[in-house]
*Asks:* 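Handing you this structure, nothing more for now.
Counting begins at 1 with the first residue of the sequence. What you see is a predicted model; the values in this text were computed from it and never measured.
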Amino acid sequence: MEKITWDDFEKIELRVGTIIEVQEFPEARKPAYKLKVDFGPFGIKKSSAQITHLYTPKELVGKQVIGVINFPPKQIGPFKSECLITGFIQEDGKVVLAVPDKPVENGLKLA
């Protein structure tokens, strides 16, 4: 594991947002959804998330998630992802979302 400095960590904009829209993403190589996430003062950002094994679109809408919002946009097939939604990858490859355990204001920074 590579060590990072506190300054390195402070550069990462880990912010909480609420999923406001979920669409199927059939063009993705691995099963994924296209998400729109409201990060409050940082706006609504799009992301592709490989979370189809454990989550349905219906249960995702309204869920708060933690995302990295200061990566450059990444082209994923026909879709441009603007943030990275965080989660824990299990041994079987299924992803469990990293989420706040109580509701918080969209845009708050993880510290």
*Asks:* Table please: side-chain donor-acceptor pairs of residues 88-99 below 3.5 Å, with sequence neighbours left out.
*Replies:*
residue: D92; atom: OD1; partner: K94; partner atom: N; Å: 3.0

*Asks:* Main chain of P41, side chain of N106: is a donor-acceptor contact present, judged purely on distance under 3.5 Å?
*Replies:*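 A pair under 3.5 Å: no.
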
*Asks:* Linking I/L/V/M/F/W/Y whenever any side-chain heavy atoms sit under 4.5 Å apart, do I69 and V65 land together?
*Replies:* yes

*Asks:* Would you give the length of the straight line joining atom CG of L54 to atom CD of E59, rounded to the nearest 0.5 angstrom?
*Replies:* 8.5 Å

*Asks:* Just to verify, what does E27 make a side chain to side chain donor-acceptor pair (under 3.5 Å) with, not counting sequence neighbours?
*Replies:* none

*Asks:* Would you say V16 ends up clustered with V22 if hydrophobic residues are merged whenever their side chains have heavy atoms under 4.5 Å apart, either directly or through other cluster members?
*Replies:* no

*Asks:* Suppose we screen for ring pair (Phe, Tyr, Trp, His ring centres under 6.0 Å). Which residues come up paired with F25, at least two apart in sequence or across chains?
*Replies:* F79

*Asks:* Mind running side-chain contact (heavy atoms from CB on, under 4.5 Å) on I20 and I44 for me, showing each step along the way?
*Replies:* CA-CA 9 Å; I20 59 171; I44 294 171; 3.6 Å; yes

*Asks:* Not counting sequence neighbours, list each pair that qualifies as a ring pair (Phe, Tyr, Trp, His ring centres under 6.0 Å) and has a residue in residues 50-75.
*Replies:*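 As it turns out, there is no ring pair (Phe, Tyr, Trp, His ring centres under 6.0 Å) pair with a partner in residues 50-75 once direct neighbours are skipped.
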
*Asks:* So, taking the atom named CD in E82 and the one named CG in N70, what distance separates them when rounded to the nearest 0.5 Å?
*Replies:* 13.5 Å

*Asks:* Using modelled atom types only, decide if a donor and an acceptor are shared between the side chain of Q64 and the backbone of V104 within a distance under 3.5 Å.
*Replies:*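 Yes, because the side chain of Q64 sits within donor-acceptor range (under 3.5 Å) of the backbone of V104.
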
*Asks:* Does CD belonging to E105 count more than 12 external heavy atoms closer than 6.0 Å?
*Replies:*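 Not buried by this count: 12 neighbours or fewer within 6.0 Å.
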
*Asks:* So, taking the atom named CZ in R29 and the one named OG in S48, what distance separates them when rounded to the nearest 0.5 Å?
*Replies:*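 With rounding to 0.5 Å, CZ (R29) is 11.0 Å from OG (S48).
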
*Asks:* May I ask you to test the I51-Y33 pair for a side-chain heavy-atom distance under 4.5 Å?
*Replies:* yes

*Asks:* Could you name each residue pair satisfying ring pair (Phe, Tyr, Trp, His ring centres under 6.0 Å) that touches residues 90-111, not counting sequence neighbours?
*Replies:*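 Every candidate ring pair (Phe, Tyr, Trp, His ring centres under 6.0 Å) pair involving residues 90-111 fails, so no pair, neighbours aside, qualifies.
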
*Asks:* Please answer: with hydrophobic residues joined when any side-chain heavy atoms are less than 4.5 Å apart, are W6 and I12 in the same cluster?
*Replies:*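 Both belong to a single hydrophobic cluster.
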
*Asks:* Once you round to the nearest 0.5 Å, how far does CD of E21 lie from CG of L60?
*Replies:*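 If we round to the nearest 0.5 Å, E21:CD and L60:CG are 12.5 Å apart.
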
*Asks:* Just to verify, what does E13 make a salt bridge (Lys or Arg N to Asp or Glu O under 4.0 Å) with, not counting sequence neighbours?
*Replies:* R15, K109

*Asks:* For a side-chain contact (heavy atoms from CB on, under 4.5 Å) with I85, tell me which candidate from I66, V68, V37 qualifies.
*Replies:* V37

*Asks:* Taking S47 for the side chain and L84 for the main chain, is one N or O donor matched with an acceptor at less than 3.5 Å?
*Replies:* no

*Asks:* Does L110 share a hydrophobic cluster with L108, counting links as ILVMFWY side-chain heavy atoms below 4.5 Å and allowing steps through other members?
*Replies:* no

*Asks:* Using a 3.5 Å distance criterion without hydrogens, assess whether the side chain of S81 forms a donor-acceptor pair with backbone atoms of K74.
*Replies:*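 Absent.
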
